[in-house]
Amino acid sequence: VRATAPGGRTPRIGLLHQEPPFAQTASVQEVLESAVEGLRAAAEAVEVSAGALAEAPGDERLRRRYAEALETAERLGAWEAEARIEVMVAGLGLESLPRDRQAGRLSGGQRSRLALAWLLLSAPDVLLLDEPTNHLDDAATAHLVRVLSSWSGPVLIASHDRAFLDEAVTSLVDLDPAPMPHTVAGHLVADGDGSGIGVSCFTGTYTDYLNARLDAYQRWKRQYRHEQAQLKRLRAAVKENQNVGHADW
């Protein structure tokens, strides 16, 4: 099934790259402007279509074009570009950077935060974040959590920041090998059937997930003790009943 974004278009996927997605010679202002160029274009499309419709108000084709442009601009928040830039810059702790400074002259942490700001401002339909809290202090991390909590599309995060996961995510996939029946884990070409390799999926916070794993471990321990006690009784019964058939044969 091919996924579609609003308006039937192909979804835009945004990835937080390890390397910044902008030229080292670009200024901070140029980087921020490139992130919202889609918003600028949407606002301009409304103006152009409105002007064309004003000259030919009876043209149904122009009326549809204007309605579509207006819907896109409103969905994107095209007239909020300036405010979004300022809020993002302040939230990620970049407000003290001179806007004319080149990206190549920033520290590694500043470039990483600027790359995150660029990605969030570009507003992709699907967001892929690899260790997004690297180089973020507590205030910047809190801002990121607020942004993600109101994100309209799916967000996939890979992170070792447990406090961040507790606040930001609603479901988890644990990639540690987990014992599973081969009928669930499926056929694995390299390891054969029934190797017991699988993943654990959980809906809830990271702490909820840890508590659920602890509960499962306690249940396993109780089951193991019960099975060992039963084995002990069976072994004792075997020793007490060595004679099979008639004892005098």
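- Salt-bridge check for Arg64 with Glu68: failed, with every basic side-chain N at 4.0 Å or more from each acidic carboxylate O.
- No more than 12 heavy atoms of other residues, nucleotides or ligands shown are found within 6.0 angstrom of CD on Glu44.
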Report the C-alpha distance between Glu74 and Trp79 in whole Å, list the side-chain angles of each, state the deciding distance to 0.1 Å, and finish with yes or no for side chain to side chain contact (heavy atoms under 4.5 Å, CB included). CA-CA 8 Å; Glu74 290 177 342; Trp79 295 283; 4.1 Å; yes
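- Within the 4.5 Å cutoff, no side-chain heavy atoms of Ser34 are placed close to those of Phe22.
- Between the CD atom in Glu131 and the CZ atom in Phe164 there is a gap of 9.5 Å [rounded to 0.5 Å].
- By the criterion of side-chain heavy atoms lying less than 4.5 angstrom apart, applied directly or through intervening Ile, Leu, Val, Met, Phe, Trp or Tyr residues, Ile157 is grouped together with Leu172 in one hydrophobic cluster.
- A pairwise comparison of heavy atoms in Asp59 and Leu53 identifies O-CD1, 4.1 Å as the closest pair.
- Put simply, CG on Leu129 and CG on Leu144 are 6.5 Å apart, with the number rounded to the nearest 0.5 Å.
- Scanning both residues, Val46 and Ser49, for their nearest heavy atoms gives O-OG, 3.1 Å.
- Counted by atom type alone, Asp100 and Ser27 present zero donor-acceptor pairs between their side chains at under 3.5 Å.
- Atoms CG and OG1, from Asp208 and Thr170 in turn, are 11.5 Å apart once rounded to the nearest 0.5 Å.
- Looking only at distances, a side-chain donor or acceptor of Arg113 sits under 3.5 Å from a matching main-chain atom of Gly93.
- We find that Glu33 and Arg99 are not joined by a salt bridge, their nearest charged nitrogen and carboxylate oxygen being 4.0 Å or further apart.
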**Request:** Go through the steps for Tyr209 and Thr203 under the test side chain to side chain contact (heavy atoms under 4.5 Å, CB included), then give the verdict.
**Result:** CA-CA 8 Å; Tyr209 172 61; Thr203 300; over 6 Å; no
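- You'll find the side chain of Met88 reaches within 4.5 Å of the side chain of Val147, heavy atoms only.
- Within the 3.5 Å criterion, the main-chain N or O of Thr205 finds no donor-acceptor partner in the side chain of Asp166.
- Counting non-hydrogen atoms of neighbouring residues, nucleotides and ligands closer than 6.0 angstrom, the CD atom of Glu19 reaches no more than 12 such neighbours.
- When every heavy atom of Ser122 is checked against every heavy atom of Arg12, the shortest pair comes out as O-NH2, 2.8 Å.
- The shortest distance between side-chain heavy atoms of Ile85 and Leu32 falls below 4.5 Å.
- One N or O on the side chain of Gln110 and one on the backbone of Ser107 form a donor-acceptor pair closer than 3.5 Å.
- Side-chain contact, Asp138 with Thr141: no donor N or O sits under 3.5 Å from an acceptor N or O.
- In terms of heavy atoms, Pro132 sits closest to Leu116 at O-CD2, 4.0 Å.
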Between Leu148 and Leu127, is the side chain to side chain contact (heavy atoms under 4.5 Å, CB included) condition met? List the steps.
CA-CA 9 Å; Leu148 296 181; Leu127 196 56; 3.7 Å; yes
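- Follow the hydrophobic side-chain contacts under 4.5 Å out from Leu156 and you reach Leu15 in the same cluster.
- When the side chains of ILVMFWY residues are joined at heavy-atom separations under 4.5 Å, either directly or via intervening members, Val28 and Leu39 end up in a single hydrophobic cluster.
- The structure places CG of Asp125 at 7.5 Å from OG of Ser152, a figure rounded to the nearest 0.5 Å.
- In this structure, Arg40 places its CZ atom where more than 12 heavy-atom neighbours from other residues, nucleotides or ligands lie under 6.0 Å away.
- For the residue pair Arg111 and Gly104, the shortest heavy atom distance occurs at NH1-O, 3.8 Å.
- Contact record, His135 with Ser112: CD2-OG, 3.4 Å, taken as the closest heavy-atom pair.
- Taking hydrophobic clusters as Ile, Leu, Val, Met, Phe, Trp and Tyr residues chained together by side-chain heavy-atom distances below 4.5 Å, Val145 shares a cluster with Val89.
- Rounding to the nearest 0.5 Å places CG of Leu92 at 9.5 Å from CG of Leu114.
- Rounding to the nearest 0.5 angstrom, the gap separating the CZ atom in Arg65 from the CD atom in Glu60 is 12.5 Å.
- Ile13 and Leu120 are assigned to two separate hydrophobic clusters, defined by single-linkage of ILVMFWY side chains at heavy-atom distances under 4.5 Å.
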